[in-house]
Amino acid sequence: MSEQNSAASASVNRAKPYQLMLFPLNNGATNVYYVLVLSYIATFGSKVLALSMIFASVMVTGMRLFDAITDPIIGALMDRTNGKFGKFRPFMVIGNLIMAVSILVLYCLTPLIPASMEWARYVAFVALYAIWVIGYTFQTSCTRSGQTVLTNDPKQRPLFTIFNTVGSLLGMGAMQFFAPILAKNYEGGYASAGFFRTLAPVGIVISIALTILAVIGIWEKDQPKYFGIGGQKTEKIKVAEYVAIIKGNNPMQRLMVAGAGCKLALSIATNTTVLCMLYGCMMGNYDGLYLPMMVLGYVFSVPFFLLTVRTSQKKGQKASLMRYVSVALICYIGVLVLLLLWGKGDAFTLSLMSDGKVSINVYTILFIALFGIGYGAYYATADMPIPMVADCSDYETYISGKYIPGIMGTLFSLVDKLVSSLSATVVGVAVSFIGLDSLPTQYDPYTPGMNVVVIVLFCVIPMIAWTATLLAMKNYSLTGEKMKEIQAVNACRRDAVAGGMSLEDAMQKWQTLDQLPAQYRAN
(Lines give C-alpha, C1' and ligand atoms only; values in the text may rest on other atoms or scores of the structure.)
Protein backbone atom coordinates (compact mmCIF):
# COMPACT_ATOMS: atom_id res chain seq x y z
CA MET A 1 0.00 0.00 0.00
CA SER A 2 2.84 2.43 0.82
CA GLU A 3 4.38 1.81 -2.62
CA GLN A 4 1.04 2.55 -4.27
CA ASN A 5 0.66 5.78 -2.31
CA SER A 6 4.22 6.75 -3.19
CA ALA A 7 3.62 6.17 -6.90
CA ALA A 8 0.37 8.02 -6.79
CA SER A 9 2.00 10.95 -5.05
CA ALA A 10 4.87 11.00 -7.54
CA SER A 11 2.44 11.07 -10.46
CA VAL A 12 1.25 14.53 -9.42
CA ASN A 13 3.61 17.49 -9.50
CA ARG A 14 2.32 20.01 -6.98
CA ALA A 15 3.63 23.51 -6.40
CA LYS A 16 4.32 25.03 -3.01
CA PRO A 17 2.08 27.95 -2.00
CA TYR A 18 4.80 30.57 -2.46
CA GLN A 19 5.56 29.18 -5.95
CA LEU A 20 1.91 29.45 -6.96
CA MET A 21 1.85 33.03 -5.73
CA LEU A 22 5.16 34.27 -7.11
CA PHE A 23 5.55 32.76 -10.59
CA PRO A 24 2.30 34.30 -11.96
CA LEU A 25 3.84 37.70 -11.22
CA ASN A 26 5.66 37.12 -14.52
CA ASN A 27 2.39 37.99 -16.21
CA GLY A 28 2.14 41.10 -14.06
CA ALA A 29 5.63 42.09 -15.21
CA THR A 30 4.64 41.83 -18.89
CA ASN A 31 1.25 43.44 -18.30
CA VAL A 32 3.08 46.55 -17.17
CA TYR A 33 4.23 46.81 -20.77
CA TYR A 34 0.78 45.84 -22.02
CA VAL A 35 -0.40 49.18 -20.61
CA LEU A 36 2.84 51.10 -21.10
CA VAL A 37 3.14 50.15 -24.76
CA LEU A 38 -0.01 48.74 -26.29
CA SER A 39 -2.33 51.24 -24.60
CA TYR A 40 -0.22 54.32 -25.30
CA ILE A 41 2.16 53.73 -28.21
CA ALA A 42 -0.31 54.86 -30.87
CA THR A 43 -0.98 58.06 -28.91
CA PHE A 44 2.76 58.56 -28.43
CA GLY A 45 3.43 58.12 -32.14
CA SER A 46 0.68 60.44 -33.31
CA LYS A 47 0.78 63.10 -30.57
CA VAL A 48 4.43 63.26 -29.44
CA LEU A 49 6.34 62.21 -32.57
CA ALA A 50 3.73 63.75 -34.90
CA LEU A 51 3.56 60.60 -37.03
CA SER A 52 0.50 59.75 -39.07
CA MET A 53 -2.28 58.52 -36.74
CA ILE A 54 -3.18 55.69 -39.11
CA PHE A 55 0.48 54.70 -39.45
CA ALA A 56 1.03 54.70 -35.68
CA SER A 57 -2.08 52.56 -35.17
CA VAL A 58 -1.75 50.18 -38.12
CA MET A 59 2.02 49.66 -37.69
CA VAL A 60 1.44 48.05 -34.30
CA THR A 61 -0.69 45.38 -35.98
CA GLY A 62 1.46 45.16 -39.08
CA MET A 63 4.43 44.21 -36.92
CA ARG A 64 2.72 40.87 -36.36
CA LEU A 65 4.21 39.75 -39.67
CA PHE A 66 7.55 40.12 -37.91
CA ASP A 67 6.16 38.13 -34.99
CA ALA A 68 5.07 35.31 -37.31
CA ILE A 69 8.77 34.76 -38.06
CA THR A 70 10.35 35.39 -34.66
CA ASP A 71 7.81 33.65 -32.38
CA PRO A 72 8.33 30.07 -33.68
CA ILE A 73 12.10 30.61 -33.61
CA ILE A 74 12.00 31.76 -29.98
CA GLY A 75 9.66 28.88 -29.11
CA ALA A 76 12.01 26.36 -30.72
CA LEU A 77 14.98 27.92 -28.91
CA MET A 78 13.17 27.62 -25.58
CA ASP A 79 12.26 23.97 -26.19
CA ARG A 80 15.93 23.20 -26.86
CA THR A 81 17.22 25.14 -23.87
CA ASN A 82 18.29 23.12 -20.84
CA GLY A 83 21.22 24.94 -19.30
CA LYS A 84 22.62 25.68 -15.88
CA PHE A 85 19.86 28.22 -15.16
CA GLY A 86 17.03 26.06 -16.45
CA LYS A 87 14.69 26.40 -19.40
CA PHE A 88 12.55 29.39 -18.50
CA ARG A 89 14.47 31.70 -16.16
CA PRO A 90 16.95 32.94 -18.82
CA PHE A 91 14.12 33.96 -21.15
CA MET A 92 12.29 35.79 -18.36
CA VAL A 93 15.32 37.86 -17.38
CA ILE A 94 16.65 38.56 -20.89
CA GLY A 95 13.17 39.40 -22.18
CA ASN A 96 12.54 41.91 -19.41
CA LEU A 97 15.88 43.64 -19.97
CA ILE A 98 15.25 43.91 -23.72
CA MET A 99 11.86 45.51 -23.11
CA ALA A 100 13.23 47.92 -20.51
CA VAL A 101 16.02 49.26 -22.71
CA SER A 102 13.93 49.53 -25.90
CA ILE A 103 11.04 51.37 -24.24
CA LEU A 104 13.32 53.68 -22.28
CA VAL A 105 14.99 54.72 -25.52
CA LEU A 106 11.68 54.95 -27.41
CA TYR A 107 9.79 57.11 -24.91
CA CYS A 108 12.67 59.19 -23.58
CA LEU A 109 15.07 59.72 -26.50
CA THR A 110 13.12 59.56 -29.79
CA PRO A 111 11.26 62.84 -29.02
CA LEU A 112 14.70 64.50 -29.13
CA ILE A 113 14.97 63.72 -32.86
CA PRO A 114 14.32 67.04 -34.66
CA ALA A 115 10.95 67.37 -36.36
CA SER A 116 12.85 68.19 -39.56
CA MET A 117 14.18 64.60 -39.53
CA GLU A 118 10.73 63.05 -39.67
CA TRP A 119 12.06 59.99 -41.52
CA ALA A 120 14.36 59.23 -38.58
CA ARG A 121 11.40 59.33 -36.20
CA TYR A 122 9.59 56.76 -38.33
CA VAL A 123 12.64 54.49 -38.49
CA ALA A 124 13.35 54.72 -34.75
CA PHE A 125 9.68 54.14 -33.90
CA VAL A 126 9.48 50.95 -35.97
CA ALA A 127 12.94 49.60 -35.04
CA LEU A 128 12.55 50.09 -31.27
CA TYR A 129 9.06 48.63 -31.32
CA ALA A 130 10.39 45.57 -33.18
CA ILE A 131 13.10 45.08 -30.55
CA TRP A 132 10.50 45.41 -27.80
CA VAL A 133 8.37 42.74 -29.48
CA ILE A 134 11.24 40.24 -29.24
CA GLY A 135 11.66 40.89 -25.53
CA TYR A 136 7.91 40.67 -24.99
CA THR A 137 7.83 37.27 -26.69
CA PHE A 138 10.74 36.04 -24.57
CA GLN A 139 8.97 36.79 -21.31
CA THR A 140 5.27 36.30 -22.11
CA SER A 141 5.85 32.82 -23.54
CA CYS A 142 7.31 31.78 -20.17
CA THR A 143 4.04 32.60 -18.41
CA ARG A 144 2.26 30.08 -20.61
CA SER A 145 4.92 27.38 -20.94
CA GLY A 146 6.35 27.58 -17.41
CA GLN A 147 3.11 26.30 -15.91
CA THR A 148 3.87 22.84 -17.26
CA VAL A 149 6.69 22.48 -14.72
CA LEU A 150 5.06 24.44 -11.91
CA THR A 151 2.16 22.03 -11.33
CA ASN A 152 0.02 19.47 -13.15
CA ASP A 153 -2.48 19.06 -10.32
CA PRO A 154 -6.00 19.71 -11.72
CA LYS A 155 -6.90 21.24 -8.35
CA GLN A 156 -3.94 23.64 -8.39
CA ARG A 157 -3.91 24.80 -11.99
CA PRO A 158 -7.14 26.79 -11.67
CA LEU A 159 -5.51 28.64 -8.76
CA PHE A 160 -2.97 29.95 -11.27
CA THR A 161 -5.74 32.08 -12.74
CA ILE A 162 -6.43 33.94 -9.51
CA PHE A 163 -2.74 34.48 -8.68
CA ASN A 164 -2.15 35.42 -12.30
CA THR A 165 -4.90 38.02 -12.02
CA VAL A 166 -3.41 39.36 -8.79
CA GLY A 167 -0.10 39.68 -10.61
CA SER A 168 -1.85 41.35 -13.50
CA LEU A 169 -3.47 43.81 -11.11
CA LEU A 170 -0.11 44.64 -9.59
CA GLY A 171 1.29 45.34 -13.04
CA MET A 172 -1.57 46.52 -15.21
CA GLY A 173 -3.55 48.00 -12.31
CA ALA A 174 -0.57 49.98 -11.03
CA MET A 175 0.02 51.49 -14.46
CA GLN A 176 -3.67 52.30 -14.97
CA PHE A 177 -3.68 53.95 -11.54
CA PHE A 178 -0.51 56.02 -11.96
CA ALA A 179 -1.03 57.06 -15.60
CA PRO A 180 -3.95 59.51 -15.13
CA ILE A 181 -2.31 60.93 -12.00
CA LEU A 182 0.96 61.57 -13.82
CA ALA A 183 -0.87 62.92 -16.88
CA LYS A 184 -2.36 65.74 -14.76
CA ASN A 185 1.15 67.10 -14.16
CA TYR A 186 1.76 67.81 -17.83
CA GLU A 187 0.07 70.19 -20.20
CA GLY A 188 -1.59 68.07 -22.83
CA GLY A 189 -1.93 65.03 -20.54
CA TYR A 190 -1.40 61.82 -22.49
CA ALA A 191 -0.19 63.86 -25.47
CA SER A 192 2.80 65.26 -23.56
CA ALA A 193 6.36 64.00 -24.06
CA GLY A 194 7.00 64.62 -20.37
CA PHE A 195 4.24 62.21 -19.43
CA PHE A 196 5.97 59.38 -21.32
CA ARG A 197 9.40 60.28 -19.91
CA THR A 198 7.98 59.89 -16.41
CA LEU A 199 5.72 56.89 -16.97
CA ALA A 200 8.37 54.72 -18.68
CA PRO A 201 10.84 54.55 -15.74
CA VAL A 202 7.99 53.98 -13.28
CA GLY A 203 6.73 51.04 -15.33
CA ILE A 204 10.20 49.59 -15.85
CA VAL A 205 10.96 49.54 -12.11
CA ILE A 206 7.64 47.84 -11.34
CA SER A 207 8.21 45.25 -14.08
CA ILE A 208 11.76 44.41 -12.96
CA ALA A 209 10.60 43.92 -9.35
CA LEU A 210 7.80 41.57 -10.44
CA THR A 211 10.18 39.63 -12.70
CA ILE A 212 12.62 39.01 -9.84
CA LEU A 213 9.79 37.61 -7.69
CA ALA A 214 8.58 35.42 -10.58
CA VAL A 215 12.08 34.00 -11.09
CA ILE A 216 12.19 33.06 -7.39
CA GLY A 217 8.81 31.37 -7.80
CA ILE A 218 9.89 29.01 -10.60
CA TRP A 219 13.52 28.52 -9.50
CA GLU A 220 13.07 25.10 -7.83
CA LYS A 221 10.80 23.73 -10.58
CA ASP A 222 12.89 24.85 -13.53
CA GLN A 223 14.88 21.62 -13.84
CA PRO A 224 14.89 18.58 -16.20
CA LYS A 225 12.97 16.15 -13.99
CA TYR A 226 9.84 18.22 -14.58
CA PHE A 227 10.33 18.46 -18.37
CA GLY A 228 7.71 16.17 -19.91
CA ILE A 229 8.11 12.40 -20.13
CA GLY A 230 11.73 12.16 -21.26
CA GLY A 231 13.25 14.24 -18.47
CA GLN A 232 16.83 15.02 -19.46
CA LYS A 233 16.15 14.54 -23.18
CA THR A 234 15.64 17.82 -25.02
CA GLU A 235 13.24 17.85 -27.96
CA LYS A 236 14.91 18.39 -31.34
CA ILE A 237 11.93 19.49 -33.39
CA LYS A 238 12.27 21.53 -36.57
CA VAL A 239 10.32 24.75 -36.82
CA ALA A 240 8.60 23.38 -39.94
CA GLU A 241 7.13 20.53 -37.85
CA TYR A 242 5.21 22.92 -35.62
CA VAL A 243 2.51 23.50 -38.22
CA ALA A 244 1.73 19.78 -38.29
CA ILE A 245 1.79 19.62 -34.50
CA ILE A 246 -0.74 22.42 -34.10
CA LYS A 247 -2.95 21.00 -36.86
CA GLY A 248 -3.15 17.79 -34.83
CA ASN A 249 -3.87 19.56 -31.54
CA ASN A 250 -7.53 20.55 -31.82
CA PRO A 251 -7.84 21.77 -28.19
CA MET A 252 -4.98 24.22 -28.80
CA GLN A 253 -6.66 25.55 -31.94
CA ARG A 254 -9.89 26.17 -30.05
CA LEU A 255 -8.07 27.72 -27.11
CA MET A 256 -6.26 30.14 -29.41
CA VAL A 257 -9.64 31.35 -30.72
CA ALA A 258 -11.06 31.58 -27.19
CA GLY A 259 -7.98 33.37 -25.89
CA ALA A 260 -8.14 35.81 -28.80
CA GLY A 261 -11.80 36.52 -28.04
CA CYS A 262 -11.16 37.17 -24.35
CA LYS A 263 -8.11 39.33 -25.05
CA LEU A 264 -9.78 41.37 -27.79
CA ALA A 265 -12.74 42.15 -25.54
CA LEU A 266 -10.45 43.25 -22.71
CA SER A 267 -7.97 45.23 -24.81
CA ILE A 268 -10.59 47.27 -26.69
CA ALA A 269 -13.05 47.84 -23.83
CA THR A 270 -10.20 49.08 -21.60
CA ASN A 271 -8.32 51.02 -24.29
CA THR A 272 -7.34 54.46 -22.99
CA THR A 273 -8.68 56.28 -26.05
CA VAL A 274 -12.06 54.54 -25.77
CA LEU A 275 -12.32 55.43 -22.07
CA CYS A 276 -11.30 59.04 -22.79
CA MET A 277 -14.13 59.29 -25.32
CA LEU A 278 -16.64 57.63 -22.99
CA TYR A 279 -15.91 59.30 -19.65
CA GLY A 280 -14.40 62.54 -20.96
CA CYS A 281 -15.83 63.53 -24.33
CA MET A 282 -19.30 61.98 -23.87
CA MET A 283 -19.92 62.15 -20.13
CA GLY A 284 -17.86 65.30 -19.63
CA ASN A 285 -16.09 64.22 -16.44
CA TYR A 286 -13.06 62.02 -17.14
CA ASP A 287 -11.24 62.90 -13.91
CA GLY A 288 -14.34 62.18 -11.82
CA LEU A 289 -15.39 58.96 -13.56
CA TYR A 290 -12.32 57.08 -14.84
CA LEU A 291 -10.66 56.12 -11.55
CA PRO A 292 -13.93 55.41 -9.66
CA MET A 293 -15.15 53.15 -12.49
CA MET A 294 -11.78 51.39 -12.69
CA VAL A 295 -11.82 50.72 -8.94
CA LEU A 296 -15.45 49.65 -9.17
CA GLY A 297 -14.57 47.10 -11.85
CA TYR A 298 -11.78 45.65 -9.73
CA VAL A 299 -14.09 45.41 -6.69
CA PHE A 300 -16.66 43.49 -8.73
CA SER A 301 -13.87 41.23 -10.04
CA VAL A 302 -12.97 39.84 -6.61
CA PRO A 303 -16.01 37.55 -6.14
CA PHE A 304 -15.73 36.41 -9.75
CA PHE A 305 -12.11 35.37 -9.24
CA LEU A 306 -13.23 33.13 -6.39
CA LEU A 307 -16.20 31.80 -8.37
CA THR A 308 -14.11 30.98 -11.46
CA VAL A 309 -11.55 29.03 -9.39
CA ARG A 310 -14.22 27.09 -7.51
CA THR A 311 -16.06 26.23 -10.73
CA SER A 312 -12.77 25.23 -12.41
CA GLN A 313 -11.85 22.90 -9.56
CA LYS A 314 -15.28 21.26 -9.57
CA LYS A 315 -16.16 21.13 -13.27
CA GLY A 316 -12.97 22.02 -15.13
CA GLN A 317 -11.65 25.22 -16.66
CA LYS A 318 -13.76 24.88 -19.81
CA ALA A 319 -17.02 24.99 -17.83
CA SER A 320 -15.82 27.96 -15.79
CA LEU A 321 -14.70 29.97 -18.81
CA MET A 322 -17.97 29.44 -20.68
CA ARG A 323 -20.16 30.23 -17.66
CA TYR A 324 -18.64 33.58 -16.79
CA VAL A 325 -18.05 34.77 -20.35
CA SER A 326 -21.80 34.21 -20.78
CA VAL A 327 -22.44 36.41 -17.74
CA ALA A 328 -20.31 39.18 -19.26
CA LEU A 329 -22.10 38.90 -22.59
CA ILE A 330 -25.55 39.16 -20.99
CA CYS A 331 -24.58 42.17 -18.84
CA TYR A 332 -23.07 44.04 -21.77
CA ILE A 333 -26.33 43.76 -23.67
CA GLY A 334 -27.68 46.00 -20.87
CA VAL A 335 -24.66 48.34 -21.11
CA LEU A 336 -25.26 48.58 -24.86
CA VAL A 337 -28.88 49.62 -24.29
CA LEU A 338 -27.81 52.29 -21.79
CA LEU A 339 -25.26 53.80 -24.18
CA LEU A 340 -27.85 53.83 -26.95
CA LEU A 341 -30.02 55.95 -24.62
CA TRP A 342 -27.21 58.42 -23.91
CA GLY A 343 -28.04 62.01 -24.82
CA LYS A 344 -31.81 61.54 -24.79
CA GLY A 345 -32.03 63.95 -21.86
CA ASP A 346 -30.19 65.19 -18.76
CA ALA A 347 -31.08 62.00 -16.90
CA PHE A 348 -29.29 59.83 -19.45
CA THR A 349 -25.70 60.57 -18.48
CA LEU A 350 -23.29 59.26 -15.86
CA SER A 351 -23.17 61.30 -12.67
CA LEU A 352 -21.38 60.54 -9.39
CA MET A 353 -20.69 64.01 -7.96
CA SER A 354 -22.10 67.48 -8.59
CA ASP A 355 -20.87 70.66 -6.88
CA GLY A 356 -18.98 68.58 -4.35
CA LYS A 357 -22.04 66.52 -3.40
CA VAL A 358 -23.05 62.98 -4.25
CA SER A 359 -25.34 63.06 -7.28
CA ILE A 360 -26.29 59.64 -8.62
CA ASN A 361 -29.22 59.11 -10.99
CA VAL A 362 -31.02 55.90 -12.03
CA TYR A 363 -29.01 55.76 -15.28
CA THR A 364 -25.76 55.70 -13.29
CA ILE A 365 -27.05 53.02 -10.88
CA LEU A 366 -28.01 50.76 -13.78
CA PHE A 367 -24.69 51.41 -15.51
CA ILE A 368 -22.73 50.62 -12.35
CA ALA A 369 -24.62 47.35 -11.83
CA LEU A 370 -24.41 46.09 -15.40
CA PHE A 371 -20.90 47.37 -16.11
CA GLY A 372 -19.61 46.20 -12.71
CA ILE A 373 -20.93 42.64 -13.00
CA GLY A 374 -19.97 42.40 -16.67
CA TYR A 375 -16.49 43.79 -16.08
CA GLY A 376 -15.97 41.54 -13.07
CA ALA A 377 -16.95 38.48 -15.08
CA TYR A 378 -14.85 39.17 -18.16
CA TYR A 379 -11.85 40.47 -16.22
CA ALA A 380 -11.82 37.27 -14.16
CA THR A 381 -11.92 35.17 -17.35
CA ALA A 382 -9.58 37.30 -19.49
CA ASP A 383 -6.48 35.40 -18.33
CA MET A 384 -8.18 32.04 -17.81
CA PRO A 385 -6.93 30.67 -21.16
CA ILE A 386 -3.34 31.08 -19.90
CA PRO A 387 -3.32 28.08 -17.49
CA MET A 388 -5.27 26.17 -20.12
CA VAL A 389 -2.22 26.44 -22.41
CA ALA A 390 -0.44 24.11 -19.98
CA ASP A 391 -3.30 21.64 -20.39
CA CYS A 392 -2.87 21.75 -24.18
CA SER A 393 0.89 21.26 -23.79
CA ASP A 394 0.30 18.22 -21.56
CA TYR A 395 -2.21 16.95 -24.11
CA GLU A 396 0.47 17.20 -26.82
CA THR A 397 2.81 15.14 -24.63
CA TYR A 398 -0.04 12.66 -24.13
CA ILE A 399 -0.75 12.16 -27.85
CA SER A 400 2.77 12.44 -29.30
CA GLY A 401 5.25 12.14 -26.44
CA LYS A 402 6.74 15.53 -27.32
CA TYR A 403 7.37 18.12 -24.60
CA ILE A 404 7.26 21.46 -26.42
CA PRO A 405 5.96 24.10 -23.99
CA GLY A 406 8.02 26.76 -25.73
CA ILE A 407 6.21 26.57 -29.05
CA MET A 408 2.85 26.28 -27.26
CA GLY A 409 3.64 29.38 -25.25
CA THR A 410 4.92 31.41 -28.21
CA LEU A 411 1.99 30.44 -30.42
CA PHE A 412 -0.43 31.60 -27.77
CA SER A 413 1.72 34.67 -27.20
CA LEU A 414 1.55 35.41 -30.93
CA VAL A 415 -2.25 35.36 -30.81
CA ASP A 416 -2.17 37.46 -27.64
CA LYS A 417 0.02 40.12 -29.27
CA LEU A 418 -1.87 40.01 -32.56
CA VAL A 419 -5.16 40.72 -30.83
CA SER A 420 -3.68 43.25 -28.41
CA SER A 421 -2.12 45.22 -31.24
CA LEU A 422 -5.21 44.78 -33.40
CA SER A 423 -7.09 46.76 -30.78
CA ALA A 424 -4.89 49.80 -31.45
CA THR A 425 -5.59 49.54 -35.18
CA VAL A 426 -9.33 49.08 -34.68
CA VAL A 427 -9.50 52.11 -32.40
CA GLY A 428 -7.40 54.25 -34.75
CA VAL A 429 -9.44 53.33 -37.82
CA ALA A 430 -12.74 53.81 -35.96
CA VAL A 431 -11.72 57.29 -34.78
CA SER A 432 -10.70 58.27 -38.32
CA PHE A 433 -14.28 57.63 -39.49
CA ILE A 434 -15.51 60.64 -37.51
CA GLY A 435 -12.98 62.95 -39.09
CA LEU A 436 -10.33 63.18 -36.34
CA ASP A 437 -6.67 63.43 -37.36
CA SER A 438 -5.33 62.25 -33.99
CA LEU A 439 -6.51 60.05 -31.15
CA PRO A 440 -8.68 62.06 -28.71
CA THR A 441 -7.56 62.55 -25.12
CA GLN A 442 -9.56 63.40 -22.01
CA TYR A 443 -9.30 67.11 -22.86
CA ASP A 444 -10.79 66.93 -26.35
CA PRO A 445 -14.41 68.04 -26.94
CA TYR A 446 -17.18 65.74 -28.07
CA THR A 447 -17.31 65.18 -31.84
CA PRO A 448 -20.54 64.19 -33.63
CA GLY A 449 -20.63 60.45 -34.15
CA MET A 450 -18.26 59.74 -31.26
CA ASN A 451 -21.05 58.01 -29.33
CA VAL A 452 -21.45 55.49 -32.17
CA VAL A 453 -17.71 54.80 -32.12
CA VAL A 454 -17.78 54.27 -28.34
CA ILE A 455 -20.80 51.94 -28.56
CA VAL A 456 -19.09 49.82 -31.22
CA LEU A 457 -15.72 49.70 -29.43
CA PHE A 458 -16.90 49.50 -25.83
CA CYS A 459 -19.78 47.04 -26.37
CA VAL A 460 -20.34 45.57 -29.82
CA ILE A 461 -16.83 44.29 -30.61
CA PRO A 462 -16.32 42.76 -27.12
CA MET A 463 -19.71 41.05 -27.42
CA ILE A 464 -18.74 39.56 -30.80
CA ALA A 465 -15.42 38.43 -29.29
CA TRP A 466 -17.16 36.71 -26.37
CA THR A 467 -19.52 34.97 -28.79
CA ALA A 468 -16.50 33.61 -30.69
CA THR A 469 -15.05 32.38 -27.39
CA LEU A 470 -18.22 30.50 -26.51
CA LEU A 471 -18.43 28.89 -29.95
CA ALA A 472 -14.78 27.79 -29.81
CA MET A 473 -15.12 26.32 -26.32
CA LYS A 474 -18.29 24.39 -27.09
CA ASN A 475 -16.38 21.35 -28.45
CA TYR A 476 -13.18 21.83 -26.44
CA SER A 477 -12.31 18.31 -25.29
CA LEU A 478 -10.02 18.94 -22.30
CA THR A 479 -12.58 18.72 -19.52
CA GLY A 480 -11.64 18.29 -15.88
CA GLU A 481 -12.04 14.50 -16.07
CA LYS A 482 -10.03 14.26 -19.28
CA MET A 483 -7.13 16.18 -17.75
CA LYS A 484 -7.01 13.78 -14.79
CA GLU A 485 -6.61 10.90 -17.24
CA ILE A 486 -3.94 12.72 -19.23
CA GLN A 487 -1.86 13.50 -16.14
CA ALA A 488 -2.09 9.91 -14.90
CA VAL A 489 -1.05 8.43 -18.26
CA ASN A 490 1.84 10.89 -18.65
CA ALA A 491 3.05 10.14 -15.12
CA CYS A 492 3.01 6.39 -15.73
CA ARG A 493 4.95 6.78 -18.98
CA ARG A 494 7.47 9.12 -17.34
CA ASP A 495 8.17 6.64 -14.55
CA ALA A 496 8.55 3.82 -17.10
CA VAL A 497 11.02 5.85 -19.20
CA ALA A 498 12.96 6.75 -16.05
CA GLY A 499 13.14 3.01 -15.33
CA GLY A 500 14.73 2.25 -18.69
CA MET A 501 11.79 1.67 -21.05
CA SER A 502 11.90 3.44 -24.42
CA LEU A 503 9.49 6.31 -24.98
CA GLU A 504 7.95 4.51 -27.97
CA ASP A 505 7.21 1.37 -25.93
CA ALA A 506 5.75 3.41 -23.06
CA MET A 507 3.52 5.31 -25.50
CA GLN A 508 2.19 2.08 -26.96
CA LYS A 509 1.74 0.24 -23.68
CA TRP A 510 -0.21 2.93 -21.80
CA GLN A 511 -2.73 4.93 -23.79
CA THR A 512 -5.84 5.05 -21.58
CA LEU A 513 -6.63 5.25 -17.88
CA ASP A 514 -7.92 1.68 -17.78
CA GLN A 515 -4.53 0.33 -18.89
CA LEU A 516 -2.62 1.95 -16.02
CA PRO A 517 -1.48 0.19 -12.83
CA ALA A 518 -3.86 0.68 -9.92
CA GLN A 519 -1.71 3.25 -8.11
CA TYR A 520 -1.94 5.70 -11.02
CA ARG A 521 -5.67 5.21 -11.48
CA ALA A 522 -6.16 5.81 -7.74
CA ASN A 523 -4.70 9.27 -8.09
Side-chain angles (χ1 to χ4, degrees), residues 29-78 90-113 117-144 193 196-197 199-201 203-204 207-208 211 239 263 267 406-407 409-429 439:
T30 55
N31 272 342
V32 166
Y33 288 99
Y34 174 84
V35 177
L36 187 61
V37 178
L38 295 173
S39 291
Y40 293 109
I41 194 167
T43 301
F44 174 79
S46 65
K47 292 286 191 179
V48 178
L49 297 184
L51 308 180
S52 164
M53 181 189 72
I54 294 297
F55 171 83
S57 300
V58 173
M59 186 280 299
V60 178
T61 299
M63 191 60 71
R64 296 292 74 83
L65 296 175
F66 176 65
D67 271 346
I69 299 172
T70 60
D71 278 19
I73 295 174
I74 293 171
L77 182 62
M78 182 178 295
F91 287 88
M92 294 164 64
V93 173
I94 294 172
N96 195 264
L97 291 177
I98 290 175
M99 288 191 290
V101 172
S102 60
I103 293 306
L104 201 61
V105 174
L106 177 64
Y107 282 167
C108 298
L109 299 184
T110 54
L112 301 179
I113 299 175
M117 297 179 64
E118 185 181 39
W119 64 269
R121 290 188 172 189
Y122 275 96
V123 171
F125 185 76
V126 174
L128 289 168
Y129 184 77
I131 294 172
W132 173 81
V133 163
I134 293 175
Y136 190 70
T137 301
F138 266 55
Q139 190 165 3
T140 54
S141 57
C142 292
T143 301
R144 282 84 175 163
F196 287 95
R197 283 198 303 269
L199 188 65
I204 289 169
S207 184
I208 289 175
T211 298
V239 173
K263 195 70 173 187
S267 57
I407 192 59
T410 49
L411 277 170
F412 197 85
S413 177
L414 175 60
V415 173
D416 181 294
K417 289 182 292 184
L418 173 62
V419 172
S420 298
S421 60
L422 179 63
S423 66
T425 299
V426 170
V427 172
V429 171
L439 296 176

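Numbers here are sequence positions counted from 1.
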- prompt: Aromatic ring centroids of Tyr33 and Tyr136 under 6.0 Å?
  reply: no
Expected output: side-chain Ser207 to main-chain Gly203 donor-acceptor under 3.5 Å: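 Checked: no pair found.
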Just by distance, do the side chain of Arg121 and the backbone of Leu51 share a donor-acceptor pair under 3.5 Å? no
Quick one: are [X] and [Y] in side-chain contact, heavy atoms under 4.5 Å?
X: Ile73; Y: Leu77; value: no
X: Met78; Y: Cys142; value: yes
X: Phe44; Y: Thr110; value: yes
X: Tyr107; Y: Val48; value: no
X: Met117; Y: Trp119; value: yes
X: Phe196; Y: Leu106; value: no
X: Leu112; Y: Leu109; value: yes

What distance do [X] atom [atom1] and [Y] atom [atom2] have between them, rounded to the nearest 0.5 Å?
X: Leu199; Y: Ile103; atom1: CG; atom2: CD1; answer: 10.5 Å
X: Met92; Y: Thr30; atom1: CE; atom2: OG1; answer: 9.5 Å
X: Ile74; Y: Ile407; atom1: CD1; atom2: CD1; answer: 10.0 Å
X: Ile113; Y: Leu49; atom1: CD1; atom2: CG; answer: 7.5 Å
X: Thr211; Y: Met99; atom1: OG1; atom2: CE; answer: 6.5 Å

Q: Give me the ring orientation class for Phe55 and Tyr122: parallel if the planes are under 30° apart, tilted from 30 to 60°, perpendicular past 60°.
A: perpendicular
Sorted by chain and number, sequence neighbours left out, side chain to side chain donor-acceptor pair (under 3.5 Å) with Thr143 holds for Asn26
Practice item. Kindly indicate, with the supporting measurements, whether the criterion side chain to side chain contact (heavy atoms under 4.5 Å, CB included) is fulfilled by Trp132 and Ile98. Key: CA-CA 6 Å; Trp132 173 81; Ile98 290 175; over 6 Å; no
Closest non-hydrogen atoms of Cys108 and Pro111, given as atom of the first, atom of the second and distance, are C-CD, 3.9 Å
